Amino acid sequence: MLIPFIRLTIEANEVIGLRMMKIISGGPDAMTEIQLMITEKINASAEAGTSLIFGHSPTAVVARVREHVANNQRRLSAPS
C-alpha cells in the first residue's frame, strides 16, 4: 500500500504544479481551471468515500484516484 500512496503523492504534486501554472497565467482559462478543480475534488472525495463504504480496499481507492490524477496530468500537459 505504501508504494502506490507515494506514487500518488508525487503524481498529484506534478498536477498541482501544472494547475498553478495555468491559474497564474490568468484569463478565462484560469477561472475555468479553478472551478474544475473544485468540482473534481468534491466528486473524487464522494467517490472515494462511497468506495470505502461499499468495501473497496484502500489500495483500490488509491488506484482510482491515481487514474483521475493521470487524466488531469494528460489534460494539463497537452498543448493549448
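In this text, all values refer to a predicted model and were calculated from it rather than measured experimentally. Values reported hereafter were calculated over all heavy atoms of this structure, with side chains retained and with hydrogens, waters and symmetry mates removed.
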Go through the side-chain N and O atoms of E14 and Q73 and say whether any donor and acceptor fall under 3.5 Å apart.
yes
Salt bridge or not for E40 and R19, using N-O below 4.0 Å? yes
Non-hydrogen side-chain atoms of T50 and H56 separated by less than 4.5 Å: no
| Taking a hydrophobic cluster as the set of Ile, Leu, Val, Met, Phe, Trp and Tyr residues connected by side-chain heavy atoms closer than 4.5 Å, whether directly or through intermediates, do M37 and V15 fall within one such cluster? | no
Closest non-hydrogen atoms of V69 and A12, given as atom of the first, atom of the second and distance, are CG1-N, 3.8 Å
CD1 of I16 to CG of N72, rounded to nearest 0.5 Å, is 11.0 Å
In this structure, CD of Q35 is separated from CD of E33 (nearest 0.5 Å) by 10.5 Å
Item checked: Beyond-backbone contact of I42 with T39, side-chain heavy atoms, under 4.5 angstrom -> no
Here the pair of heavy atoms bringing P4 nearest to R66 is O-CD, 3.8 Å
ask   = Do you reckon L76 sits in the same ILVMFWY cluster as V65, going by side-chain contacts under 4.5 Å, direct or chained?
value = yes
Next on the checklist: Quick check: do R75 and L36 have side-chain heavy atoms less than 4.5 Å from each other?
Outcome noted: yes
Heavy-atom closest pair (L18 atom, S77 atom, distance to 0.1 Å) is CD1-OG, 3.5 Å
### Query
Is there a path from L2 to I10 through hydrophobic residues (I, L, V, M, F, W, Y) whose side chains come within less than 4.5 Å of each other?
yes
Heavy atoms of T9 and N13 approach each other most closely as O-ND2, 2.8 Å
Nearest heavy-atom contact between A30 and I23 is CB-O, 3.5 Å
